[in-house]
Structure formats: structure tokens, C-alpha cells
Visitor: 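Questions regarding the structure given below will be posed in turn.
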Amino acid sequence: MKIGINSWSLPNDLSIEETFKLAKEAGFETIELNMAEEVKVESIVSDLGLEDNIHLTLNMREKELSKIKELSIKYELPITSIATTLHWKYPLNDLDPTVREQGKEVAKRMIEACHYLGGDTVLIVPGVVTKEREYEACYNLAKEAFVELAPYAKEKGIIIGVENVWNKFLYSPLEMRQFIDEINHPNVGVYFDAGNVLQFGFPEQWVRILNKRIAKVHIKDFNTNVGNITGFTSLLSGSLDWTSLMTALREIEYEGPLTAELSPYTFAPDQLARDTAIAIKRIIEG
């Protein structure tokens with residue numbers, strides 16, 4: 001397994017070249033970029049202290065993307081995946097069909113950019129359940145969206161990774177497995193976030209149940225004694241049983257990156273990258 005980092009985890013005031021440079025110098029082997037709009041989006045990710053930048057935006061086309069690709073080559077740091085906060089703003093289960101279509105368009109732009117930049121996976125939040133956006137409707141609308149998007153992902157050689165996240169949806173590994181199996185397409189899998197599971201279950205059990213459906217893995221730690229969104233913390237300082245997680249990942253023969261998705265430190269935010277690279281190496285080595 002390689003060690004990776006999501007660019008949210010790096011200081012938000014860096015240029016994109018400085019972002020690549022810091023990640024490389026810290027020892028990372030892959031990087032995950034985030035697709036944004038030109039304006040800031042407030043979402044649950046903002047609550048975690050992760051702020052969008054405009055390094056990669058919806059409106060970028062080949063000319064702008066080529067500059068990013070050149071940096072990936074220059075720093076020998078592959079862009080393996082692309083994430084976004086935009087599916088909190090444009091959920092695939094919104095009551096307004098226009099908003100749902102905007103969410104699908106965001107997914108298509110992510111797929112196109114990921115293909116051009118040499119990645120293989122896009123992270124998609126499948127829906128957001130609220131009092132108004134009911135659970136069963138979310139299930140059906142999200143499934144319809146992925147069935148529609150899957151052929152385009154296949155055409156571009158990209159896997160859509162459905163993330164388990166704090167969206168009041170798909171909180172059971174059995175349900176997540178059922179959801180993916182009902183979509184029944186080789187280009188739709190799971191982007192498994194181990195830290196997101198801790199308040200509701202055990203990461204190693206999710207891994208064994210989801211098995212080969214897992215396309216990519218996010219890692220962060222979580223303090224279950226806190227028990228709310230402020231409980232997310234840096235690697236090795238929370239409640240995650242890393243030995244059990246790594247045992248399960250090796251059992252299913254997962255060979256992709258372990259990509260850290262963490263909030264930069266308040267003081268010396270660049271230090272998080274260095275500490276995290278060391279922590280992931282320790283996690284992999286056992």
C-alpha cells in the first residue's frame with residue numbers, strides 16, 4: 001500500500017505547486033485533489049476545518065488541467081483520485097430535479113478531470129438525508145444517479161467511489177454492500193473511510209463485508225469518547241484499532257493508497273503533512 005494525502009490536509013494558502021512540493025517533501029507517494037467552485041462551499045467538511053481551494057475547479061478544461069498534470073509529473077506524485085464537497089451543495093437526492101442534475105454534472109466533471117490527470121477514482125457522497133429529504137427517496141434517487149453515471153465512468157476508465165460519510169445514510173456495511181450490488185456495475189464501488197465508521201461500527205468489519213467492492217481508502221482517527229464531529233483527530237491519537245484495520249485490508253488484498261484526510265494544525269499547519277506521512281508508514285509497517 002502507498003501513502004497518500006488529500007490536499008485539504010495541507011495549508012489552504014499554498015499555491016498548487018507548493019501543495020505538490022510539500023506533499024512530496026513530506027514523503028507522500030500519491031495525492032488526492034478536490035474539485036471546487038470558484039466560491040467557497042460551507043458544508044460538513046468546513047465543520048472539520050477542511051477548506052476548499054481553487055486549485056481544481058469545475059470550469060477547468062484541458063489547458064488548465066495540463067498545468068496540474070505537469071506538476072504531478074514534475075514532483076513524481078500521482079493524482080490517484082479526486083474528491084469534492086460539492087455534493088453537499090448539489091446532493092444527488094435533492095427534492096429539486098435541477099439540483100440533482102447539477103450534482104450529476106459535478107460528477108461528470110470530476111470523472112473527466114480524473115481521467116485527464118491520470119487518476120482512477122472519484123469520491124462521491126451518494127446523498128444527504130434530512131427531515132425533508134427522506135431516507136428511502138435518497139436510496140432510490142442516489143441509485144438512479146449512479147446507474148446513469150456508471151457508463152460514462154466506464155468510458156473514461158474511472159471508478160466511482162461511494163463514500164460512507166456523516167450524511168445519515170448507508171450507516172451499515174450490509175446496506176452499503178446491498179446498495180453497490182443493486183447498482184451492479186464494475187465502475188461503481190466504495191470509497192471506504194475508516195475514521196467515519198468509528199462512531200457507528202468497526203472498520204475491520206466493514207472491510208471484510210465490502211471486500212473487493214472497496215476501490216479506495218481514506219484514513220483519519222476519531223475519539224469515540226467525544227462522540228461528535230469534533231472527535232476527529234490526527235492519526236494514532238484516537239480510538240481506531242489500526243492493527244485490526246490493516247489485517248482486514250491485507251485479507252482482502254487491498255493494494256491502493258491509504259489517503260489521509262485530516263485538518264491542518266492550527267499552528268504550523270505544514271507540520272501535519274510530515275507527521276502524517278510518518279504515522280501512515282508506521283501503520284503500514286505495524
Side-chain angles (χ1 to χ4, degrees), residues 1-12 14-35 50 53 55-56 65-84 110 113-123 157-159 161 163 189-196 203 207 212 214-221 234-237 240 242-243 245-265 269-286:
M1 299 178 211
K2 295 183 182 296
I3 64 171
I5 191 164
N6 182 292
S7 62
W8 278 322
S9 306
L10 305 172
N12 195 45
L14 299 180
S15 69
I16 187 162
E17 177 154 13
E18 290 169 334
T19 296
F20 273 93
K21 186 173 186 291
L22 173 57
K24 184 65 176 181
E25 289 178 347
F28 288 96
E29 298 168 296
T30 69
I31 190 167
E32 179 173 84
L33 300 183
N34 304 289
M35 182 160 279
L50 305 175
N53 52 50
H55 292 161
L56 176 63
L65 293 174
S66 65
K67 296 177 182 178
I68 299 174
K69 191 171 185 177
E70 288 170 4
L71 291 173
S72 175
I73 294 169
K74 175 180 178 180
Y75 288 96
E76 298 180 332
L77 198 60
I79 301 164
T80 53
S81 49
I82 292 177
T84 190
M110 293 172 71
C114 192
H115 168 73
Y116 184 84
L117 294 171
D120 57 29
T121 306
V122 296
L123 182 158
I158 300 298
I159 302 295
E163 188 187 30
V190 177
Y191 200 128
F192 177 64
D193 190 309
N196 283 344
V207 169
K212 296 296 184 180
I214 295 176
K216 287 285 186 295
V217 174
H218 260 172
I219 56 170
K220 50 182 173 279
D221 219 331
S234 54
L235 302 182
L236 309 182
S237 63
L240 206 151
W242 295 104
T243 300
L245 174 64
M246 293 305 297
T247 297
L249 287 172
R250 290 192 173 99
E251 284 177 10
I252 69 166
E253 299 179 334
Y254 176 76
E255 296 181 346
L258 299 180
T259 301
E261 184 192 45
L262 304 162
S263 304
Y265 297 144
D270 60 304
Q271 186 61 36
L272 176 85
R274 299 178 177 89
D275 294 346
T276 299
I278 293 170
I280 301 177
K281 289 177 182 175
R282 182 63 184 270
I283 288 166
I284 292 173
E285 292 168 0

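Everything numeric here is computed off the predicted structure, so don't read it as measured data. As a basis for the values below, the full set of heavy atoms in this structure was taken, side chains included, without hydrogen atoms, waters or symmetry mates. Sequence positions, counted from 1, serve as the residue numbers for this chain.
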Visitor: Could you grab the distance from atom CG of Leu33 to atom CE of Met110, nearest 0.5 Å is fine?
Guide: 10.5 Å
Visitor: Regarding Tyr265 and Asp275, is there a side-chain donor-to-acceptor distance under 3.5 Å anywhere?
Guide: yes
Visitor: Can you tell me if Thr247 uses its side chain to pair, donor with acceptor, with the backbone of Thr243 under 3.5 Å?
Guide: yes
Visitor: Stepwise, does the side chain to side chain contact (heavy atoms under 4.5 Å, CB included) test hold for Ile284 with Leu258?
Guide: CA-CA 9 Å; Ile284 292 173; Leu258 299 180; 3.8 Å; yes
Visitor: Has the side chain of Glu18 got a donor or acceptor atom that lies under 3.5 Å from a matching backbone atom of Ser15?
Guide: yes
Visitor: Hey, can you pull the donor-acceptor pairs under 3.5 Å for the side chains in residues 25-32, sequence neighbours left out?
Guide:
| from | atom 1 | to | atom 2 | distance (Å) |
| --- | --- | --- | --- | --- |
| Glu25 | OE2 | Lys21 | NZ | 2.6 |
| Glu29 | OE1 | Ile3 | N | 2.9 |
| Glu32 | OE1 | Asn6 | ND2 | 2.6 |
| Glu32 | OE1 | His218 | NE2 | 2.6 |
| Glu32 | OE2 | Ser81 | OG | 2.6 |
| Glu32 | OE2 | Tyr191 | OH | 2.5 |

Visitor: Quick one: does Ile214's side chain get under 4.5 Å of Val207's, heavy atoms only?
Guide: yes
Visitor: Minimum heavy-atom separation for Leu240 to Lys220, with atom names?
Guide: CD1-O, 3.6 Å
Visitor: Shortest non-hydrogen contact from Gly189 to Ile159?
Guide: N-CG2, 4.1 Å
Visitor: Taking all non-hydrogen atoms of both residues, which atom of Pro203 and which atom of Leu245 are closest, and how far apart?
Guide: CB-CD1, 4.0 Å
Visitor: Pick one: which of Leu56, Leu14, Thr19 meets side chain to side chain contact (heavy atoms under 4.5 Å, CB included) with Ser7?
Guide: Thr19
Visitor: Do Pro11 and Leu22 come within less than 4.5 Å of each other through their side chains, counting heavy atoms only?
Guide: yes
Visitor: Identify, with sequence neighbours excluded, every residue that meets side chain to side chain contact (heavy atoms under 4.5 Å, CB included) alongside Ser72.
Guide: Phe20, Ile79
Visitor: With a 4.5 Å limit on heavy-atom distance, are the side chains of Ile219 and Thr259 in contact?
Guide: no
Visitor: Please check if the number of heavy atoms outside Arg282 that lie under 6.0 Å from its CZ is greater than 12.
Guide: no
Visitor: Please confirm whether the backbone N or O of Gly119 pairs with a side-chain atom of Tyr116, one donor and one acceptor, at under 3.5 Å?
Guide: no
Visitor: Can you tell me how far CG of Leu65 sits from CG of Leu117, rounded to the nearest 0.5 angstrom?
Guide: 5.0 Å
Visitor: To the nearest 0.5 Å, what is the distance between OG (Ser9) and CG (Asn34)?
Guide: 8.5 Å
Visitor: Is the shortest side-chain heavy-atom distance between Asp120 and Lys216 below 4.5 Å?
Guide: yes
Visitor: Working to the nearest 0.5 Å, report the span between NZ of Lys67 and NZ of Lys74.
Guide: 14.0 Å
Visitor: So that I can tick it off, tell me whether Glu255 and Lys2 are bridged by a salt bridge, with the cut-off set at under 4.0 angstrom between side-chain N and carboxylate O.
Guide: no
Visitor: In the structure I gave you, are the side-chain heavy atoms of Leu262 and Leu272 within less than 4.5 Å of one another anywhere?
Guide: yes
Visitor: If we only count heavy atoms from C-beta on, is the Thr121 to Ile158 side-chain gap below 4.5 Å?
Guide: no
Visitor: List in chain and number order the residues that pass side chain to side chain contact (heavy atoms under 4.5 Å, CB included) with Ile73, two or more places apart in sequence or in another chain; answer none if no residue qualifies.
Guide: Lys69
Visitor: Is Ile5 close to Leu10 at the side-chain level, that is, under 4.5 Å between some pair of heavy atoms?
Guide: yes
Visitor: When you compare the side chain of Pro257 with that of Tyr254, does any pair of heavy atoms fall below 4.5 Å?
Guide: yes
Visitor: Under a 3.5 Å distance rule, please check whether Lys24 uses its side chain to pair with a backbone N or O of Glu76 as donor and acceptor.
Guide: yes
Visitor: Start with the C-alpha gap between Glu163 and Phe192, add the side-chain angles, then the distance that decides, and say whether side chain to side chain contact (heavy atoms under 4.5 Å, CB included) holds.
Guide: CA-CA 6 Å; Glu163 188 187 30; Phe192 177 64; over 6 Å; no
Visitor: Which heavy atom of Asp221 sits nearest to which heavy atom of Ser234, and what is that distance?
Guide: CB-O, 3.3 Å
